[in-house]
Number of protein chains: 2
Amino acid sequence: MPRAKFDEIYRDLKLRIENDEYPQGELLPSENELAATYECSRNTVRRAMAQLASEGYVQPMHGRGVRNIYSPTGGATFIIGGIESFKESAVRNQRNASTQVLRFEEMTVDARFSEKSGFEIGALVLHIIRLREFDDEPLIIDHNWFRRELLPGLTLELAAGSVYDYIEEELGMTIATSKRTITVERATAFDETHLDLKGYNCMAVVTSQTYDDNGMQFEFTQSRHRPDYFRFQDVATRRRQGA
Amino acid sequence: MPRAKFDEIYRDLKLRIENDEYPQGELLPSENELAATYECSRNTVRRAMAQLASEGYVQPMHGRGVRNIYSPTGGATFIIGGIESFKESAVRNQRNASTQVLRFEEMTVDARFSEKSGFEIGALVLHIIRLREFDDEPLIIDHNWFRRELLPGLTLELAAGSVYDYIEEELGMTIATSKRTITVERATAFDETHLDLKGYNCMAVVTSQTYDDNGMQFEFTQSRHRPDYFRFQDVATRRRQGA
DNA sequence: GCCGATTTGTCCGTATGTATC
DNA sequence: CGATACATACGGACAAATCGG
């Protein structure tokens, strides 16, 4: 799979910035210079730059240049970002991960659950509950509901591994977009029996609806995180308020 | 201020989608058609489309078309997103907002606070604590630390209003990017005296470092939200994992 | 303050690739 | 296969902001 040129440039610049090859707080080479060194058009450099800006690596300044505003976070906590599987998170956070399947059952969507999940009433879904451990410490309880018709061959054994691998590699399905909501909810008795909450009486909950590239919602998920290990990072850019 | 063409198109499409002028779950007119109706190049349409896609309004599908995947959220909770002031949030969430200044004092950055905030040691900062109420219910405690040198004329009276208005309109400073982190922390005695926590023993905390368009960090903020009213929304798109 | 050089921001037209139908 | 639609890339043009002389 030949990667897009702007993506190559984006990755290269990102690595260089992370490795301090550009001085922190200073300007990067101009877009024209970069276009010359990468042997591409300025548009292509700009596309890579937009990507970096959206991730908080650089800050373009009209008429002046593009400033490197990267600073390493250096936290020991579990960082989520993008759409990624538990396994991918574990690798990125350099942890040992393991999974324990607590429940695996089919159910039919009723009115109440339809409202919450976005699935239509009567749909057959697979409900899986999994306990996620990092370095032998249980940190997350994942509740997944998958449309059964889209994942007919999903078994308990597969659920213990990476469902995303199965979906993408076995089924060739493409995961496209996911709408996430972060809230804080009271811990349930179920949470407390499986996690050591360290005195907290609540959980950080990430709820998401995931769509495939046909625009079909195939998943609804609730990830319930032990609050002391939960951290979500984000870079926001301010846009002029409407007149 | 003449708005950019892609931004006009973005806003127009967004409104049309929100007002159900395009059927939900169906395809929008093709990029070429839209380019014709807006009398612009396809590139400009694509730029607007990328914006909409990043916000979860549409889903472009290679070779097929762009699907409208907008669905109204319709929650009664307080939704944060982007960089915006308390006042702007209140308007967007259609609430009556009021602010009470609990503390207003100058302080010098020591080693410990420097580590946490990103300010350098010895810098003079203004520490403001404000209680935010929506419809007469106290929901948020905001801790702001501003670089004193950048905001010399910030008074207690101004702090009771919108500091962002003062910064942008009075000083002409431009707020550019903000790095945010969402965590869950134990409620402090201070939290409990000012908020009714409804039995929760924790708070949803949004920590952010905000930079102006010179790349200078001028603000460090901790917004401590009553957990039952906190909600953060996000749209993630999955990118192919590196080979 | 003005002018010119530099740099980013916007927009266009075109060409080509790739996926879908 | 061809037509359609999105994806990538290029080169050029002009605008707007900044900076130095």
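A note on names: the letters A, B, ... follow the listed sequences, proteins ahead of strands, and every chain is numbered from 1. Just the heavy atoms: all of them, side chains too, but no hydrogens, waters or symmetry mates, feed the values below.
A:E219 pairs with exactly one of A:T210, A:L151, A:L126 by the side-chain contact (heavy atoms from CB on, under 4.5 Å) rule, that one being A:T210.
For residues 25-34 of chain A, the salt bridge (charged side-chain N to carboxylate O under 4.0 Å, His left out) pairs, not counting sequence neighbours, are A:E31-A:R42, A:E31-A:R46.
Ring pair B:F220/B:W145 is tilted by interplanar angle, where 30° to 60° counts as tilted.
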**OP:** Determine, for nucleotides 1-12 of chain C in 5'-to-3' order, which nucleotides have protein heavy atoms under 4.0 Å from the base (write B), from only the sugar-phosphate (write S), or from neither (write -).
**Re:** ------BBBBBB
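One finds no salt bridge joining B:K5 and B:E39 here, because no Lys/Arg side-chain nitrogen approaches an Asp/Glu carboxylate oxygen to under 4.0 Å.
Atom P of nucleotide C:dA19 and atom CD of B:Q59 are separated by 17 Å, given to the nearest angstrom. Regarding A:L27, its CG atom lies at a distance of 14 Å from the C1' atom of D:dA17, rounded to whole Å.
Checked by atom type, the side-chain pair A:E18/A:Y57 shows a donor-acceptor distance below 3.5 Å.
Judged by Watson-Crick or G-U wobble contacts below 3.5 Å, the nucleotide D:dG20 has C:dC3 as its partner.
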